[in-house]
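Have a look at the structure below before the remarks.
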Amino acid sequence: MALILAGEEDGKHRPLPPEEGPLPAVPTPLSRPTADAPDGPSRRVPAPTPADPPPRAPARRRASHATGFWFVAVAFTVLMAFGTAPTPLWPLYEARDHFGATTVTVAYASMVVGAAGAFLGLGHLSDRVGRRRIIVPALLVGIVASVVLIVWRDLPGLIAGRILNGVGLGLMASTATTYLHDLYHEARPDRRDSVLPGIVATAANLGGLASGPLIAGAAAEWLPTPLITTQAIFTLAMAVCLALVLCTPETVDLELPAADPPSRFVLCPGGRRTFGAAGALGAFAFAILGLISSLGASVLHGTLHTDSHLVVGLAAFLMFGCAAAAQLVLGRLPLPRLLTVGAVVFPVGLALCALALHHPALWLYLVAVSLSGAGSGLLFKAGVERAGSVAGPASRAGVLAVFFVVAYPGMGLPSVLFSIALRHFAVQTAMIGFAAVLSCGAVVSVAVALRDRAPGPGTLSAQPASPS
């Protein structure tokens, strides 16, 4: 039904019904008697036509939903790349601020703290206030974090910048994933069952995490003042992404009644254990990614005797890149088969990581982190799909936000524990124990996820459920 704007009917006259005669003239503000006939019948004098209103300023031009889909994917990639950029730079930070391996993992984990806080406190808001209104602040916070890392050049500044970086990631990750689904479905309403949005979202996530270390490693190898140059590169990239996202159309109906706002976290009936298994998959998948991102440089320098910043960045790039590539190549597999392949490849990669440290060989280490990354990418994608499958229709962003709250600590806590273990055990022994724990946890999580079938679109829980 077409909407009629206020004032659109002004000046129009309705035709009288045929059985009615003419109505008597009644003086109104638009009808007054003439001065030369005071005693006669009133004669209508046309009121002056009101002046046309001034022309409105042209509305902001928006990109199409299809173009906006790729704008958001690029912004997602850039902000995630900013999160892992310090991977080859940690030895430079250690030398500048005079701290050791444990402090490196704490500084790395501070980003995880910021991300988890943003996921938990703000990740659901895009269901209510709109996707773009969350993505834009995410990029702004990322730019502020980069500026802090440039101007505040000591350990407190590093930690503050990393916390802000984590807040930006937390705002971006769950919102961008949902935003990409929304934009694609608006652009391709006839392809509601397409897996492309999920593939692009997870590839942007892990592809961004892959490109950050490679860019920073190249900057550290060939450009002057790499700690500043790297941040300047990402500041410029995030500013460009901000302009692109501002041109992207919104996909959330902002006219929802205030009395019926979307719930933060609503699962379909019977979905709690499935969601718990999905969160565990994300945590175990992220554990190896976090370890290589935080301590990979120390392992390469101390055990494999490699001093090249580019090689450190290359190892992280291969790990995250293989995670993204595995999702692109195998992402269309049925979910049970995806989980099975991930449960096989992930432990094999971890075992090779331990072997590469016992018999130091750079090529074997690169193969090992590549396989570990591929396995973690498959497990992570399966975890996202499993969590989304039990989300209430109106709280998908909120459910994914809680999923990331569960998964992201896996990127920080195991790395801190590993650095503490290095004080008491050789790196080879610590890696064997690390690989065994992660492999067993991943296999158990896969078994639970395979046993629990995703519930159908039945009635949602009346009350928000808590994560198991």
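Keep in mind the model is a prediction, meaning the values are calculated, not measured.
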Set of side chain to side chain contact (heavy atoms under 4.5 Å, CB included) partners for [X], sequence neighbours left out:
X      : value
Ala343 : Val446
Ala283 : none
Ala237 : Val78
Val136 : Arg132, Leu140, Leu242, Val245, Leu246

Going by heavy atoms in the side chains, are [X] and [Y] under 4.5 Å from each other?
X      : Y      : answer
Met238 : Ser146 : yes
Met319 : Ser376 : no
Tyr179 : Phe69  : no
Phe76  : Met80  : yes
Ser308 : Glu221 : yes
Leu371 : Cys322 : no
Asp154 : Leu158 : no
Leu196 : Tyr184 : yes

Give, for atom [atom1] of [X] and atom [atom2] of [Y], the distance between the pair rounded to the nearest 0.5 Å.
X      : Y      : atom1 : atom2 : result
Cys353 : Leu438 : SG    : CG    : 10.5 Å
Phe82  : Ile143 : CZ    : CD1   : 9.5 Å
His305 : Leu362 : NE2   : CG    : 11.5 Å
Leu214 : Leu310 : CG    : CG    : 6.5 Å
Leu300 : His309 : CG    : NE2   : 12.0 Å
Leu450 : Leu339 : CG    : CG    : 5.0 Å

Return the minimal non-hydrogen interatomic distance between [X] and [Y], and the atom names on each side.
X      : Y      : result
Leu281 : Ala449 : CD1-CB, 4.3 Å
Pro189 : Glu186 : CD-O, 3.6 Å
Gly168 : Ala138 : O-CB, 3.6 Å
Ser372 : Gly349 : OG-C, 3.0 Å
Val427 : Leu422 : CA-CD2, 3.6 Å
Ala374 : Val345 : CB-CG1, 4.3 Å

Is a side-chain N or O of [X] found less than 3.5 angstrom from the main chain of [Y], in a donor-acceptor match?
X      : Y      : answer
Gln327 : Gly377 : yes
Ser110 : Ala107 : yes
Thr77  : Gly208 : no
Ser194 : Arg191 : no

Test side chain to side chain donor-acceptor pair (under 3.5 Å) applied to [X] - qualifying residues, sequence neighbours left out:
X      : answer
Trp70  : none
Thr248 : none
Asp97  : none
Thr103 : none

Point to revise | Single hit among Leu79, Ile135, Ile134, Leu139 for side chain to side chain contact (heavy atoms under 4.5 Å, CB included) with Leu171 | key: Ile134
Review point. Hey, which of Thr67, Leu183, Val200, Leu244 is the one that makes side chain to side chain contact (heavy atoms under 4.5 Å, CB included) with Val72?
Key: Leu183
Check your understanding: After noting the C-alpha distance and the side-chain angles of Phe320 and Leu289, does the key distance pass the side chain to side chain contact (heavy atoms under 4.5 Å, CB included) rule?
Key -> CA-CA 7 Å; Phe320 287 110; Leu289 306 181; 3.7 Å; yes
Revision key, fill the gap. Sorted by chain and residue number, the ring-ring contact (aromatic ring centres under 6.0 Å, His included) partners of Phe418 (sequence neighbours excluded) come out as Phe434
**Study point:** Non-neighbouring partners of Phe317 that pass ring-ring contact (aromatic ring centres under 6.0 Å, His included), sequence neighbours left out
**Key:** none
Check your understanding: Under the salt bridge (Lys or Arg N to Asp or Glu O under 4.0 Å) test, which residues partner Glu385, sequence neighbours left out?
Key -> Lys381
Check your understanding: Using the ring of each side chain (for Trp, its six-membered ring), is Phe403 parallel, tilted or perpendicular to Phe275, with breaks at 30° and 60°?
Key -> perpendicular
Check your understanding: Can you say whether the rings of His185 and His181 are parallel (under 30°), tilted (30 to 60°) or perpendicular (over 60°)?
Key -> perpendicular
Check your understanding: Around atom CZ of Arg337, are there more than 12 heavy atoms of other residues, nucleotides or ligands at under 6.0 Å?
Key -> no
Point to revise | Test side chain to side chain contact (heavy atoms under 4.5 Å, CB included) applied to Tyr108 and Leu295, step by step | key: CA-CA 10 Å; Tyr108 182 84; Leu295 294 177; over 6 Å; no
Check your understanding: Would Thr274 and Arg272 satisfy side chain to side chain contact (heavy atoms under 4.5 Å, CB included), going step by step from the backbone distance to the final call?
Key -> CA-CA 5 Å; Thr274 300; Arg272 293 191 179 195; over 6 Å; no
Exercise for review: Mind running side chain to side chain contact (heavy atoms under 4.5 Å, CB included) on Leu355 and Leu352 for me, showing each step along the way?
Suggested key: CA-CA 5 Å; Leu355 181 62; Leu352 289 179; 4.2 Å; yes
**Study point:** Sequence neighbours excluded, every pair satisfying side chain to side chain donor-acceptor pair (under 3.5 Å) that has a member inside residues 421-442
**Key:** Thr102-Arg423
